[in-house]
**Q** 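The following block contains the structure, expressed as structure tokens.
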Amino acid sequence: MLIVMKPDATPADVARVVRVIGTMGYEARPMPGRQRTTVGLVGNDGRVDSSQVAGLPGVAEVIHVSKPYKQVSREWQAEPTRVALPDGSTVGGREIVVMAGPCSVESEEQILLAARQVKAAGATVLRAGAYKPRSSPYSFQGMGAKGLQLLAQARAETGLLLVTEAMDTQGLETVAEVADIIQIGARSMQNYPLLKECGRLRKPILLKRGLSATIVELLLSAEYILSEGNPNVILCERGIRSFDTATRNLFDLAAIAVVHGLSHLPIIADPSHGTGHRDMVPAMARAAVAAGADGLLIEVHPNPERALSDGAQSMYPEDFVRMMREVVAIADVIGRSVATPVGSTV
Ligand code: PEP
Ligand code: MN
């Protein structure tokens, strides 16, 4: 339930609404807006008697949020959420943030070289997994803590931000100590204990769409994080299962437009996992930006033939340079720009 205050409602009016909601046994979240304040009632409001608040001074209207997800909905917040990153950039505003790097951290040499290459091409965030959720237990599982240490080294050298995956609640804190953005992978999208723990942090969370998840399920998973108090959620379309084997997954471009209609949260696109083939990545990256994606997650490897995971979809660094130029041009056409590395003049 959302209580919309009148534009001239006083702080005392808002405080009274918060108090009354508290006495009803619910948590109230006041959200000051440019024109007026709204107060959200958090929790299952199915049986709440709204007449108790509807008549209070300063209350303009009471809205029952019709969607199963509440706080992530456009009804709850009309303005797009801008997730602030430590370098001063934001995801969800005018800028498009490009996160790029190998699927996994494999060695000091590999990650440092990859970091320099993606930075030179214009990315501002380095991606790479230290803990890898692999379909087979016999595949490379990631370097673990050593991988995180190497990522921190790459950040220290290049100034790039880091996005890396946390797979479980036990490992979340360790990842959170190093990551600037914590990735929750497709296979973990419905790991509700993990989502709740992410909600107790304040760091940005990159929530990837599950392999067979509907858009509503993605939004409900985001709701878990917001409902625990962390509003810094970035959604990610990374393709879903389909009957067609021409691509690794079916990259759901329309999900970007759907999410922007239903939610105020930013959504970025991962055409690497979305297609599974490096040759298809630039076309889908351009399309995603044209469709309104707030960022891109792209796998780039200094030597894709030798990659320990996802080599076939990892771009050659020189191709990534070209793709970045195209993406910058598309962004310009739709009145946006690609976030540039700190201190860069490009
Ligand atoms: C990844 O980003 O390397 C990854 C494992 O992605 P997903 O969870 O989307 O499969
Ligand atoms: Mn990968």
Side-chain angles (χ1 to χ4, degrees), residues 97-106 110-111 114 118 123 125-137 139-144 147-148 151 161-168 171-172 175 179-191 194-195 198 204-215 217-218 221-222 233-242 247-253 255-256 259 267-278 280-281 284-285 288 293 295-315 320:
V97 174
V98 179
M99 312 175 189
C103 182
S104 308
V105 188
E106 298 169 0
Q110 174 248 18
I111 197 63
V118 300
V125 182
L126 176 65
R127 66 136 293 143
Y131 299 92
K132 296 301 301 179
R134 304 303 302 281
S135 299
S136 164
S139 301
F140 176 59
Q141 303 284 308
M143 290 184 77
L148 287 182
L151 281 170
L161 301 179
L162 300 176
V163 58
T164 193
E165 177 157 357
M167 286 206 310
D168 46 36
L172 180 61
V175 170
D180 296 297
I181 305 170
I182 300 161
Q183 177 170 321
I184 301 300
R187 290 157 192 78
S188 301
M189 191 203 84
Q190 289 179 316
N191 181 339
L194 180 58
L195 298 177
C198 286
I205 308 294
L206 178 64
L207 178 64
K208 299 189 83 174
R209 183 176 180 183
L211 277 71
S212 305
T214 64
I215 292 171
E217 286 165 344
L218 172 64
S221 288
V233 175
I234 303 163
L235 304 171
C236 180
E237 165 57 39
R238 49 77 76 204
I240 47 172
R241 275 282 157 84
S242 102
T247 52
R248 178 180 178 184
N249 290 295
L250 186 69
F251 183 56
D252 185 4
L253 202 50
I256 296 163
V259 164
I267 178 162
I268 70 165
D270 172 358
S272 304
H273 293 85
T275 64
H277 301 273
R278 73 173 70 86
M280 300 174 189
V281 172
M284 289 303 100
L296 294 170
L297 188 69
I298 308 286
E299 287 188 339
V300 180
H301 195 289
N303 193 347
E305 287 77 22
R306 302 194 56 187
L308 297 181
S309 60
D310 288 349
Q313 67 195 33
S314 298
M315 293 186 75
F320 179 60

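The figures here come from the full heavy-atom set of this structure, side chains too, leaving out hydrogens, waters and symmetry mates. Both ligands and their constituent atoms are indexed starting at 1 by order of listing.
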**Q** N/O of Arg238 under 3.5 Å from N/O of ligand 1, yes or no?
**A**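 Yes, Arg238 has an N/O under 3.5 Å of an N/O on ligand 1.
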**Q** Can you list the atoms of ligand 1 that are under 4.0 Å from a heavy atom of Lys132?
**A**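 Numbered from 1, ligand 1 contributes 1 (C), 3 (O), 5 (C).
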**Q** Return the residue, atom name and 0.1 Å-rounded distance of the protein heavy atom closest to atom 4 (C) of ligand 1.
**A**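 Atom 4 (C) of ligand 1 sits closest to the protein heavy atom His273 NE2, 3.4 Å.
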**Q** Would you name the N/O/S atom of Asp310 that lies closest to the Mn ion (ligand 2)?
**A**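 Nearest N/O/S atom of Asp310: OD2.
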**Q** If we only count N/O pairs under 3.5 Å, is Asp270 in contact with ligand 1?
**A** no
**Q** Taking the Mn ion (ligand 2) as the reference point, name the nearest N/O/S atom of Glu299.
**A** OE2
**Q** Give the atoms of ligand 1, by number and element, whose distance to some non-hydrogen atom of Arg187 is under 4.0 Å.
**A**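 In order of numbering, the contacting atoms are 7 (P), 8 (O), 10 (O).
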**Q** Regarding Glu165 and Lys132, does a basic nitrogen lie under 4.0 Å from an acidic carboxylate oxygen?
**A**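 Here Glu165 does not pair with Lys132 in a salt bridge, since their nearest N and O are not under 4.0 Å apart.
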**Q** Out of Ser104, Ala186, Cys103, whose heavy atom is nearest to atom 8 (O) of ligand 1?
**A** Ala186
**Q** Counting non-hydrogen protein atoms only, what is the nearest one to atom 6 (O) of ligand 1? Give residue, atom name and distance.
**A** Lys208 NZ, 2.9 Å
**Q** Under 3.5 Å between some N or O of ligand 1 and some N or O of Asp310?
**A**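 Among all N and O atoms of Asp310, none is under 3.5 Å from an N or O of ligand 1.
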**Q** Might you point out which heavy atoms bring Ala166 and Leu172 nearest each other, and give the distance in Å?
**A** CB-CD1, 3.7 Å
**Q** Only one of Asp270, Val259, Asp252 passes side chain to side chain contact (heavy atoms under 4.5 Å, CB included) with Glu237; say which it is.
**A** Asp252
**Q** Taking atom CZ of Arg241 and atom CG of Leu250, what is their separation to the nearest 0.5 Å?
**A** 12.0 Å
**Q** Gln110 versus His301: any side-chain heavy-atom pair under 4.5 Å?
**A**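 Yes, close enough: below the 4.5 Å cut-off.
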**Q** If we only consider heavy atoms of Arg127, is any one of them less than 4.0 Å away from an atom in ligand 1?
**A** yes
**Q** How far does CD1 of Ile205 sit from OG of Ser221, to the nearest 0.5 angstrom?
**A** 13.0 Å
**Q** Starting from the C-alpha separation in whole Å, work towards a yes-or-no answer on side-chain contact (heavy atoms from CB on, under 4.5 Å) for Arg187 and Leu211.
**A** CA-CA 7 Å; Arg187 290 157 192 78; Leu211 277 71; 3.9 Å; yes
**Q** So if I count the atoms of ligand 1 from 1 in the order they appear, which ones are less than 4.0 Å from some heavy atom of Gly185?
**A**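 It comes down to these atoms of ligand 1: 8 (O).
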**Q** Between His273 and Asp310, is there a side-chain donor-acceptor contact under 3.5 Å, judged purely by atom types and distance?
**A** yes
